Student: 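One structure follows; several queries about it will come next.
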Amino acid sequence: MKCIRTEVIGCGHYLPAKVLTNDDLSKMVETNDEWISTRTGIRSRHIAADDEMTSDQGFKAVQMAMKNANITAEDLDLIVVATATPDNTTPATACKLAGRLGVKSGTPAFDINAACSGFVYALTMVDSMIRLGQIKTAAVIGVETLSRIVDWTDRNTCVLFGDGAGAMIVRASEGEGTAKDTGVLATKIYADGTQTENLYSTGGVALTKTAGFVKMNGKEVFKFAVGAMCEASDYVLNAAQAKIEDVDWLLPHQANSRIIAGVGQKLGISDEKVIITVDHHGNTSAASIPLAFSESVANGKIKKGDLILIPAMGAGFTWGGLLIRL
Ligand code: UT7
């Protein structure tokens, strides 16, 4: 049966120029490349310059996505930014981007904070609005300047995170209602608010009037992540009536190569089909999925027509999944 689909018509990404290696970190805290790389798969991460804001990174990523989609700011009906590290407490980073891009006055723009699941949440919202016929073309951006909320004296967390941005331009198109359609085939989002203390920032506007630092119970996060990401993956595959064998790429939230390997094994997908960028991006939270997606399109890994399974999990806890055919 004919249906409205949300098609990805362009993507883009941006990484700050400064690269921080594990060896660099070993000069800042008591750690070493061997510990970090065997436990997390991370070798380096990008760090924003002092005067580089979340909106600056997002702007560069969305500009690239708009160029690849061959659209102008006039074409955009909505801007959504997924981030836990906005420039300001208010207004939303999406509004700052709208102003900078020069979109038509009146075009809605808002931020979503679902931590590392932020991009999955954002695209789920946008897909719903497109399928309801409320909008046609949207920019969906995942961007973080996590380096600002990392405690650079805490070796438990400072080795894990990085900065960066990714963006997708999506547009309403017509599909046949089958898993052969291009576009977003299924989405699912979840949360469990009973585990907020396992991954959180120590500050906040109402709590301390500061942003605070990221704290994490790594073992609890690890245990939860594999099951949650598999649950979301199974859900979206079933919803789209697709099978794991149909999937060309598993592109999970890039937190940790051991979590990613665990998800791949449990789902029964071979290693060659798993996209890993955590080695050179670190964990960029809401940016990690669109960043890995755009980089993989740019380097020719993900091709037109490929089916991509995208599970995520993050603070909240939040988790979710997307199934997209490019
Ligand atoms: O979006 C979700 C984001 N979160 C994640 O991806 C994290 C998921 N969790 C993990 O990946 C792992 O739990 C970590 C990589 C964070 C930690 O690995 P672990 O095997 O759970 O290590 P641990 O926390 O149990 O620490 C083991 C030891 C401790 O030393 P002692 O107490 O055994 O003497 C830590 O103090 O490793 C020590 N340690 C470090 N050593 C060197 C902790 N951080 C470091 C470090 N370098 N950076």
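Order of appearance sets the numbers: ligands from 1, and atoms from 1 within every ligand. In this text, all values refer to a predicted model and were calculated from it rather than measured experimentally. Sequential numbering from 1 along the given sequence is applied to the chain's residues. Scope of the values below: all heavy atoms of this structure, side chains included, with no hydrogens, waters or symmetry mates.
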Student: Between Glu174 and Arg5 (salt bridge meaning N to carboxylate O under 4.0 Å), is one present in this structure?
Tutor: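 Salt bridge between Glu174 and Arg5, a charged N being under 4.0 Å from a carboxylate O: no.
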Student: Can you tell me which residue and heavy atom of the protein come closest to atom 21 (O) of ligand 1, and the distance to 0.1 Å?
Tutor: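 Nearest neighbour among protein heavy atoms for atom 21 (O) of ligand 1, to 0.1 Å: Lys219 NZ, 3.0 Å.
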Student: Let's go through Lys303 and Asp248 carefully: what are the C-alpha distance in whole Å and the side-chain angles of both, what is the deciding distance for salt bridge (charged side-chain N to carboxylate O under 4.0 Å, His left out) to 0.1 Å, and is it a yes or a no?
Tutor: CA-CA 9 Å; Lys303 297 188 177 61; Asp248 295 294; over 6 Å; no
Student: What is the nearest protein non-hydrogen atom to atom 2 (C) of ligand 1, stated with its residue, atom name and distance?
Tutor: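 Ranked first by proximity to atom 2 (C) of ligand 1 is Val221 CG1, 3.7 Å.
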Student: Thr145 and Thr85: side-chain donor and acceptor closer than 3.5 Å?
Tutor: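 There is no such pair (donor and acceptor under 3.5 Å, judged by atom type) between the side chains of Thr145 and Thr85.
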Student: Regarding atom 10 (C) of ligand 1: of the candidates Asn256, Leu199, Val278, Ile259, which has the closest heavy atom?
Tutor: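 When every heavy atom of Asn256, Leu199, Val278, Ile259 is considered, Asn256 comes closest to atom 10 (C) of ligand 1.
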Student: Looking only at protein heavy atoms, which one is nearest to atom 35 (C) of ligand 1, and how far off is it?
Tutor: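 For this ligand atom, the closest protein heavy atom is Arg155 NH2, 3.8 Å.
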Student: Report yes if the side chains of Ile244 and Leu237 come closer than 4.5 Å at any heavy-atom pair, otherwise no.
Tutor: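 Ile244 reaches Leu237 side chain to side chain.
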Student: Considering only protein heavy atoms, which is closest to atom 15 (C) of ligand 1, and at what distance to one decimal place?
Tutor: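 Here the nearest protein heavy atom works out to Thr40 CG2, 3.7 Å.
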Student: Which pairs, with at least one residue in residues 189-212 and sequence neighbours excluded, count as a salt bridge (Lys or Arg N to Asp or Glu O under 4.0 Å)?
Tutor: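 Sorted pair list comes back empty.
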Student: Tell me: protein heavy atom nearest atom 26 (O) of ligand 1, and distance?
Tutor: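 I find the closest protein heavy atom is Trp35 CZ2, 4.3 Å.
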Student: Do Lys301 and Asp306 meet the salt-bridge criterion of a basic N to acidic O distance under 4.0 Å?
Tutor: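 Between Lys301 and Asp306 there is no salt bridge, as every charged N stays at least 4.0 Å from the carboxylate O atoms.
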Student: Assess the side chains of Thr21 and Asp24: does a donor N or O sit below 3.5 Å from an acceptor N or O?
Tutor: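 Yes.
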Student: Closest non-hydrogen protein atom to atom 3 (C) of ligand 1, residue and atom name please, with distance?
Tutor: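 Sorting protein heavy atoms by distance from atom 3 (C) of ligand 1 puts Asn283 ND2, 3.4 Å first.
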Student: Over 60° means perpendicular and under 30° means parallel, so classify the ring planes of Tyr190 and Trp319, tilted if in between.
Tutor: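 Trp319 vs Tyr190 ring planes: parallel.
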Student: Starting from atom 47 (N) of ligand 1, which protein heavy atom do you reach first, and at what distance in Å?
Tutor: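 Residue, atom and distance for the closest contact: Thr31 OG1, 2.6 Å.
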Student: Can you tell me which residue and heavy atom of the protein come closest to atom 6 (O) of ligand 1, and the distance to 0.1 Å?
Tutor: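 Atom 6 (O) of ligand 1 sits closest to the protein heavy atom Ala255 CB, 3.3 Å.
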Student: Please determine if Gly218 has a nitrogen or oxygen closer than 3.5 Å to a nitrogen or oxygen of ligand 1.
Tutor: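 Yes - when backbone and side-chain N and O of Gly218 are compared with those of ligand 1, one distance drops under 3.5 Å.
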Student: With a 4.0 Å cut-off on heavy atoms, is Ile36 touching ligand 1?
Tutor: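 Distance cut 4.0 Å: Ile36 fails for ligand 1.
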Student: If you take the nearest heavy atom of each of Arg39, Arg258, Gln254, Glu220, which one is closest to atom 12 (C) of ligand 1?
Tutor: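 Shortest heavy-atom distance from atom 12 (C) of ligand 1: Arg258.
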Student: I need the minimum non-hydrogen distance between Gly314 and Ala115, along with the two atoms involved.
Tutor: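 Scanning both residues, the minimum pair turns out to be C-CB, 4.4 Å.
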Student: Under 4.0 Å from atom 29 (C) of ligand 1, is there any protein heavy atom?
Tutor: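 Not a single protein heavy atom is under 4.0 Å away.
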Student: Nearest heavy atom to atom 16 (C) of ligand 1: which of His253, Lys223, Glu30, Met216 does it belong to?
Tutor: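 When every heavy atom of His253, Lys223, Glu30, Met216 is considered, Met216 comes closest to atom 16 (C) of ligand 1.
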